[in-house]
A.B. asks: 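Handing you a structure now.
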Amino acid sequence: MDDLYDYIAVIQGESSALALLHRESSHHSYEDQGIVIDCQQSVFQFENGVCIKYSCESDEVTSHEQICPECWISYQVIEEPAGISVRPKQKNFINHCQQAFWLKLKQQSQ
């Protein structure tokens with residue numbers, strides 16, 4: 001069983017343990033109740049056949065520099081070849097600080 005952490009670490013540039021073959025990204029914005037929402041989406045294809053979908057939505061509201069701004073980050077396994085089982089299948093975060101903390105904790109436990 002593969003850990004989703006290993007794939008997220010490569011995507012975030014924290015590791016080079018897995019070979020990344022291809023990245024396809026899109027970016028768009030929309031307005032909701034007067035607030036501009038910025039959306040990023042990428043699909044990462046790894047050499048072993050695993051594909052991970054990354055999504056991040058954030059609003060363009062300025063916040064205090066000492067507070068980590070809220071955003072919605074998601075990683076989802078969308079393809080895995082026979083013989084590879086990535087767990088968990090999905091991981092969500094409510095901001096970049098939470099994601100960084102999780103990566104740090106997982107790295108220390110490896």
Side-chain angles (χ1 to χ4, degrees):
M1 176 172 55
D2 288 1
D3 192 334
L4 182 57
Y5 159 77
D6 296 323
Y7 295 89
I8 295 174
V10 170
I11 291 167
Q12 290 301 315
E14 303 280 329
S15 172
S16 59
L18 297 163
L20 183 60
L21 285 182
H22 181 70
R23 172 186 180 171
E24 187 174 318
S25 298
S26 65
H27 182 247
H28 71 279
S29 298
Y30 65 92
E31 190 172 322
D32 184 19
Q33 299 180 5
I35 298 172
V36 176
I37 308 296
D38 186 44
C39 302
Q40 297 177 1
Q41 187 170 336
S42 298
V43 175
F44 296 88
Q45 182 179 9
F46 291 86
E47 189 174 55
N48 64 1
V50 172
C51 288
I52 306 291
K53 179 178 151 185
Y54 162 81
S55 300
C56 182
E57 288 190 13
S58 59
D59 56 37
E60 294 184 354
V61 175
T62 57
S63 63
H64 192 275
E65 65 185 49
Q66 294 180 341
I67 298 174
C68 195
E70 184 178 52
C71 64
W72 301 271
I73 303 167
S74 171
Y75 295 89
Q76 180 181 10
V77 178
I78 58 173
E79 197 173 311
E80 57 191 358
I84 296 180
S85 179
V86 180
R87 295 285 187 254
K89 295 291 184 202
Q90 185 167 346
K91 183 69 180 161
N92 300 304
F93 302 99
I94 58 169
N95 58 42
H96 290 287
C97 298
Q98 183 188 39
Q99 175 183 269
F101 182 72
W102 180 80
L103 284 167
K104 185 176 180 178
L105 284 178
K106 291 292 282 184
Q107 180 185 35
Q108 291 174 352
S109 69
Q110 296 290 315

A.B. asks: Within this structure, what is the SG-CD distance for the pair C71 and E57, rounded to the nearest 0.5 Å?
C.D. replies: 10.0 Å
A.B. asks: Measure across V77 and P88 and return the closest heavy-atom pair with its distance rounded to 0.1 Å.
C.D. replies: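 Between these two residues, the closest heavy atoms are CG2-O, 4.1 Å.
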A.B. asks: In this structure, are over 12 heavy atoms from other groups packed under 6.0 Å from E31 atom CD?
C.D. replies: yes
A.B. asks: Which heavy-atom pair separates S74 from Q90 by the least distance, and what is that distance?
C.D. replies: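 Minimum heavy-atom contact is OG-NE2, 3.4 Å.
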A.B. asks: Are W102 and I73 joined in one hydrophobic group, where the rule is that I, L, V, M, F, W and Y side chains link up if heavy atoms are under 4.5 Å apart?
C.D. replies: yes
A.B. asks: With distance as the sole test, does N95 use its side chain to make a donor-acceptor pair with the main-chain N or O of Q98 at under 3.5 Å?
C.D. replies: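 Confirmed, N95 side chain pairs with Q98 backbone.
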A.B. asks: Would L21 and I8 show up in the same hydrophobic cluster when neighbours are defined by side-chain heavy atoms closer than 4.5 Å?
C.D. replies: no
A.B. asks: Whether the side chain of E80 engages the backbone of V86 through a donor-acceptor N/O pair (distance < 3.5 Å, no angle test) should be reported.
C.D. replies: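 Confirmed, E80 side chain pairs with V86 backbone.
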A.B. asks: With rounding to the nearest 0.5 angstrom, report the CD to OH distance, Q12 to Y54.
C.D. replies: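 Result: 6.0 Å between the selected atoms.
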A.B. asks: Between Y5 and E14, does any side-chain donor sit less than 3.5 Å from a side-chain acceptor?
C.D. replies: no
A.B. asks: Measuring from atom CZ of F93 to atom SG of C56, what distance do you get when rounded to the nearest 0.5 angstrom?
C.D. replies: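 Answer rounded to 0.5 Å: 11.5 Å.
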A.B. asks: Kindly compute the distance separating CG (L103) from NZ (K91), expressed to the nearest 0.5 Å.
C.D. replies: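 Here the interatomic distance stands at 10.0 Å.
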A.B. asks: Can you tell me if NZ on K89 sees more than 12 non-hydrogen neighbours from other groups inside 6.0 Å?
C.D. replies: yes
A.B. asks: Hey, do the aromatic rings of F46 and Y7 have their centres closer than 6.0 Å?
C.D. replies: yes
A.B. asks: Transitively linked via ILVMFWY side-chain contacts under 4.5 Å: L4 with I84?
C.D. replies: yes
A.B. asks: If you measure from OH on Y75 to NZ on K53, what distance do you get to the nearest 0.5 Å?
C.D. replies: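 If we round to the nearest 0.5 Å, Y75:OH and K53:NZ are 13.5 Å apart.
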A.B. asks: Using the rule that Ile, Leu, Val, Met, Phe, Trp and Tyr join whenever any side-chain heavy atoms are under 4.5 Å apart, tell me whether I52 and L20 fall into a single cluster.
C.D. replies: yes
A.B. asks: side-chain contact (heavy atoms from CB on, under 4.5 Å) between D3 and K106: does it pass, once the steps are laid out?
C.D. replies: CA-CA 10 Å; D3 192 334; K106 291 292 282 184; 3.1 Å; yes
A.B. asks: With a 4.5 Å limit on heavy-atom distance, are the side chains of N48 and D2 in contact?
C.D. replies: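 SC-SC contact between N48 and D2 confirmed.
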A.B. asks: Return the minimal non-hydrogen interatomic distance between W72 and S58, and the atom names on each side.
C.D. replies: CZ3-CA, 4.2 Å
A.B. asks: Pair S15, Q107 - check side-chain contact (heavy atoms from CB on, under 4.5 Å), show working.
C.D. replies: CA-CA 10 Å; S15 172; Q107 180 185 35; over 6 Å; no
A.B. asks: Under 2.5 Å between the SG atoms of C68 and C97: is that the case?
C.D. replies: yes
A.B. asks: How long is the straight-line distance from CZ of R23 back to CD of Q45, given to the nearest 0.5 Å?
C.D. replies: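 Reported to 0.5 Å precision, the distance equals 14.0 Å.
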